[in-house]
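Heavy-atom basis, side chains included; hydrogens, waters and symmetry copies ignored. Worth saying up front: this structure is predicted, and the values here are computed from it rather than measured.
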Amino acid sequence: MTRLALVLLTTLALAGCAGTYRVDNAVQSYAHWSADIPTGQATAAVPQAPQTYRFERLPSQKEGGSAEDQNRLEAWTRTVLETHGWTVAEAPAAAPWRVQVTATTLRNARSPWDDPWAGWRFRGQVVAGNGYFYWSPMFVVPMDMPWYERKVAVVIRDAASGRVVYETQASHEGRWNSTPALWQAMLQAALNGFPVPPSGPRQVDVDLPR
């Protein structure tokens, strides 16, 4: 019975690991809702939900493929902000807040901890000549085991003055491919604690189904 229980516990643990993966994010946020109150102490001026806003873009985010990428990024951001009671204004010009969101990805050949030779495999070739078979010289071929460094940043400005009232970013490293769920998890982490976030760097983990 003890052995059976251990087998069942092991099976359940493995099933749990196979069912989700963890997006671990390094997060840092800054709130400064009032111009007269120091950063991190702006609780008296925090806008209460519901609030409306409009997105603003950099010139580089307005054309071609960059505009399409920005459309998706803003859609994911809108989904997360809605959970905090912030929605896109039907009349953008009248929105009291402006939101700018950016995302970057750096693709590395391997992780910083990989063995430099771990991603290589050896290949040989049988060559026929004079009735004999022999191996040609071995050569190595690199295997693709990329490591990604990703970052999202959200900046909120007072629409009337242009003053930055909220700034946050989340960074994540790993081998996971880019998916909407991954970026939404990073945005969820970046906006963790919004609109009054904890002070200082922190880690925010989000578990996603595989």
Side-chain angles (χ1 to χ4, degrees), residues 23-106 148-173 178-206 208:
V23 182
D24 52 327
N25 303 275
V27 178
Q28 194 154 5
S29 308
Y30 307 88
H32 197 180
W33 295 105
S34 172
D36 302 322
I37 302 176
T39 300
Q41 302 177 28
T43 54
V46 173
Q48 300 300 307
Q51 294 289 328
T52 60
Y53 66 93
R54 71 177 186 266
F55 283 110
E56 66 176 3
R57 298 186 180 186
L58 299 171
S60 60
Q61 299 171 330
K62 295 179 179 180
E63 298 180 0
S66 295
E68 295 177 5
D69 292 340
Q70 194 65 20
N71 286 340
R72 288 188 287 269
L73 184 60
E74 290 176 1
W76 301 329
T77 305
R78 182 167 59 246
T79 298
V80 177
L81 280 174
E82 284 175 354
T83 66
H84 296 280
W86 283 49
T87 57
V88 174
E90 295 182 3
W97 311 106
R98 306 197 317 252
V99 174
Q100 180 182 332
V101 56
T102 57
T104 58
T105 300
L106 176 62
Y148 299 97
E149 298 177 36
R150 296 188 172 96
K151 181 182 293 184
V152 294
V154 180
V155 175
I156 301 177
R157 291 180 172 86
D158 178 85
S161 65
R163 182 175 56 85
V164 174
V165 295
Y166 199 89
E167 178 186 0
T168 185
Q169 67 176 30
S171 58
H172 167 73
E173 298 183 16
S178 176
T179 64
L182 174 62
W183 287 109
Q184 277 193 280
M186 293 185 64
L187 286 161
Q188 180 181 335
L191 289 164
N192 174 262
F194 179 82
V196 187
S199 60
R202 64 193 189 278
Q203 180 168 319
V204 180
D205 297 334
V206 180
L208 297 175

> Measuring from Q100:CD to E74:CD, what's the distance to the nearest 0.5 Å?
Replying inline: 9.5 Å
>> Please check if the number of heavy atoms outside Q203 that lie under 6.0 Å from its CD is greater than 12.
In response: yes
> Closest heavy-atom contact between V152 and A190?
Replying inline: CG2-CB, 4.3 Å
>> Quick check for you: to the nearest 0.5 Å, what is the distance between D205 atom CG and D24 atom CG?
In response: 5.5 Å
> When Y166 is tested against each of Y30, W86, F194 for ring pair (Phe, Tyr, Trp, His ring centres under 6.0 Å), which residue passes?
Replying inline: F194
>> With side chain to side chain contact (heavy atoms under 4.5 Å, CB included) as the criterion, how do V155 and V164 come out once you've worked through the C-alpha distance, each side chain's angles and the decisive distance to 0.1 Å?
In response: CA-CA 7 Å; V155 175; V164 174; 4.0 Å; yes
>> Run the side chain to side chain donor-acceptor pair (under 3.5 Å) test against T168 and tell me which residues pass, sequence neighbours left out.
In response: S29
> Any chance CD of E82 has more than 12 other-residue heavy atoms, nucleotides or ligands included, within less than 6.0 Å?
Replying inline: yes
>> For the backbone of A189 and the side chain of N25, can you confirm whether one donor and one acceptor N or O come within less than 3.5 Å of each other?
In response: no
> side chain to side chain contact (heavy atoms under 4.5 Å, CB included) between V23 and L208: does it pass, once the steps are laid out?
Replying inline: CA-CA 7 Å; V23 182; L208 297 175; 3.7 Å; yes
> Where do Q188 and W76 land on the side chain to side chain contact (heavy atoms under 4.5 Å, CB included) test, with the steps shown first?
Replying inline: CA-CA 9 Å; Q188 180 181 335; W76 301 329; over 6 Å; no
> What is the distance from atom CD of E173 to atom CG of L106, rounded to the nearest 0.5 Å?
Replying inline: 9.0 Å
> How would you list all residue pairs meeting salt bridge (charged side-chain N to carboxylate O under 4.0 Å, His left out) that involve residues 154-169, not counting sequence neighbours?
Replying inline: E56-R157
> With a 4.5 Å heavy-atom cut-off, do V88 and T52 have their side chains touching?
Replying inline: no
>> Tell me the closest heavy-atom pair linking A93 and R54, and the distance in Å.
In response: O-NH1, 4.1 Å
> At what distance, to the nearest 0.5 angstrom, does CD of Q70 lie from CZ of F55?
Replying inline: 8.5 Å
>> Using the rule given for side chain to side chain contact (heavy atoms under 4.5 Å, CB included), can you reason through W97 versus Q51, listing the C-alpha separation, both sets of side-chain angles and the distance that settles it, and then say yes or no?
In response: CA-CA 8 Å; W97 311 106; Q51 294 289 328; 2.9 Å; yes
> Are L81 and L191 side-chain neighbours, meaning at least one heavy-atom pair lies under 4.5 Å?
Replying inline: yes
> Any side-chain heavy atom of Q169 within less than 4.5 Å of one from T102?
Replying inline: no
> At what distance, to the nearest 0.5 angstrom, does CZ of R57 lie from CG of N71?
Replying inline: 4.5 Å
> Which heavy-atom pair separates V154 from V101 by the least distance, and what is that distance?
Replying inline: CG2-CG2, 4.1 Å
> Counting only N and O atoms by type, is there a donor-acceptor contact under 3.5 Å from the side chain of H172 to the main-chain atoms of R150?
Replying inline: no
>> Holding to side chain to side chain donor-acceptor pair (under 3.5 Å), I want the full list of residues that pass it with S178, two or more places apart in sequence or in another chain.
In response: W183
> Taking the side chain from T79 and the backbone from A75, do they hold a donor-acceptor pair closer than 3.5 Å?
Replying inline: yes
>> Measuring only between side-chain heavy atoms, which start at C-beta, is P197 closer than 4.5 Å to R202?
In response: yes
